[in-house]
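When reading the values below, keep in mind they use all heavy atoms of this one structure, side chains included, and skip hydrogens, waters and symmetry mates. This chain uses plain numbering: 1 for the first residue, then up along the sequence. It should be emphasised that the depicted structure is a prediction, and the values quoted were computed from it without experimental measurement.
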Amino acid sequence: PIERLQEVLNNTNKMVNQSLMFIELSLANMSMRKIQTDTFITISMLETINTAIDEYPFQGNERTFVHWDPDQQTDFNYLGNLILTKHIFFNLIKNALYFIKAERKGEITIQLIQNGKENRVIFRDTAKGMDDETLSHLFESFYTNTQFGTGIGLAYCKMVMEAYEGDIVCHAEEGKLTEFTLIFPKLG
């Protein structure tokens with residue numbers, strides 16, 4: 001009986017967290033206004049991704065599709081806002097899981113890369129890829145190619161990355177993969 005009550009409590013907490021994440025993400029996406037940069041702070045990318053993955057409301061076995069090994073990554077800091085960056089990762093995870101489920105195949109890998117001029121996060125899924133037409137409209141507001149999408153998620157991600165003085169770009173191979181690269185300027 002106590003184990004069953006704990007299970008019900010855990011499931012209830014997960015549903016509440018999922019609902020709150022959905023509301024928070026929706027409000028952030030709907031606010032498509034200029035991002036205030038005066039409150040940006042220096043943040044660890046490793047901690048940001050760990051937090052996003054820990055807080056994302058995965059359902060069932062969805063977490064098993066995400067391959068992220070923080071011990072194999074070289075951390076970097078960026079100037080930004082943790083909540084805004086978490087929303088970028090929430091959006092990318094949500095989209096990738098949608099296509100993994102729809103295609104019944106695929107996985108997500110996340111990798112940090114540093115070079116002399118910039119830092120990058122590579123977010124790749126191997127579910128469906130996309131055609132050139134879809135790719136050409138990907139970051140436009142209100143453009144969507146999913147049944148339940150609003151078309152503001154990736155446009156919002158682009159806006160946040162530009163506020164960070166970085167960028168987000170996408171490379172895709174139809175039927176194979178979709179790869180988002182988040183580009184962050186090096187600090188100091």
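- Side chain of Asn61 to main chain of Thr64: no donor-acceptor pair is present (N/O by atom type, distance under 3.5 Å, no hydrogens or angles).
- Distance alone, capped at 3.5 Å, is enough to place a donor-acceptor pair between the Asp75 side chain and the Met45 backbone.
- Shown here is Glu165, whose CD atom has no more than 12 heavy atoms of other residues, nucleotides or ligands within 6.0 Å.
- For the atom pair CG (Leu79) and CZ (Phe184), the distance works out to 11.0 Å, reported to the nearest 0.5 Å.
- Between Pro57 and Glu62, the closest heavy-atom pair is O-OE1, 4.3 Å.
- The distance from atom CD1 of Ile108 to atom CG of Asn95, rounded to the nearest 0.5 Å, is 9.5 Å.
- Atom CD1 of Ile2 and atom CD of Gln6 lie 9.5 Å apart (nearest 0.5 Å).
- Looking only at distances, no side-chain donor or acceptor of Asn77 sits under 3.5 Å from a matching main-chain atom of Thr42.
- Judged purely by atom type and a 3.5 angstrom limit, Glu103 has no side-chain atom pairing as donor or acceptor with the backbone of Ala127.
- Note that the CZ atom of Arg120 and the CD atom of Gln111 stand 11.5 Å from one another [nearest 0.5 Å].
- Here Ile43 pairs with Ile41, Thr48, Tyr78, Leu82 under the side chain to side chain contact (heavy atoms under 4.5 Å, CB included) rule; sequence neighbours left out.
- Thr109 OG1 to Trp68 CH2: the interatomic distance, rounded to the nearest 0.5 Å, is 11.0 Å.
- Between the side chain of Asn91 and the backbone N or O of His87 there is no donor-acceptor pair closer than 3.5 Å.
- With Leu182 as the partner, the side chain to side chain contact (heavy atoms under 4.5 Å, CB included) test is satisfied by one option alone out of Thr85, Val160, Leu92: Leu92.
- For Phe76 against Leu112, the heavy-atom pair with the smallest separation is CE2-CD2, 4.0 Å.
- Aromatic rings from Phe65 and Phe58 are positioned such that their centres are separated by 6.0 Å or more.
- The shortest heavy-atom contact between Thr178 and Cys170 is CG2-SG, 3.6 Å.
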- [ ] Go through the steps for His171 and Thr181 under the test side chain to side chain contact (heavy atoms under 4.5 Å, CB included), then give the verdict.
- [x] CA-CA 8 Å; His171 164 76; Thr181 302; over 6 Å; no
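- For the residue pair Arg63 and Val66, the shortest heavy atom distance occurs at NH1-O, 2.8 Å.
- Here Gln114 contributes atom CD and Asn119 contributes atom CG; the two are 5.0 Å apart, rounded to the nearest 0.5 Å.
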Task: Derivation of the ring-ring contact (aromatic ring centres under 6.0 Å, His included) call for Tyr56 and Phe89 - done: CA-CA 9 Å; Tyr56 188 86; Phe89 288 109; over 10 Å; no
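- Minimum interatomic distance between Phe123 and Ile93 (heavy atoms only, all atoms of both residues): CZ-N, 3.7 Å.
- Between Met161 and Ile88, the closest heavy-atom pair is SD-CD1, 3.7 Å.
- Residue Leu177 is found outside any hydrophobic cluster, as its side-chain heavy atoms come under 4.5 Å of no other Ile, Leu, Val, Met, Phe, Trp or Tyr.
- The salt bridge (Lys or Arg N to Asp or Glu O under 4.0 Å) contacts involving residues 172-188 comprise Arg124-Glu179, where partners must be two or more places apart or lie in separate chains.
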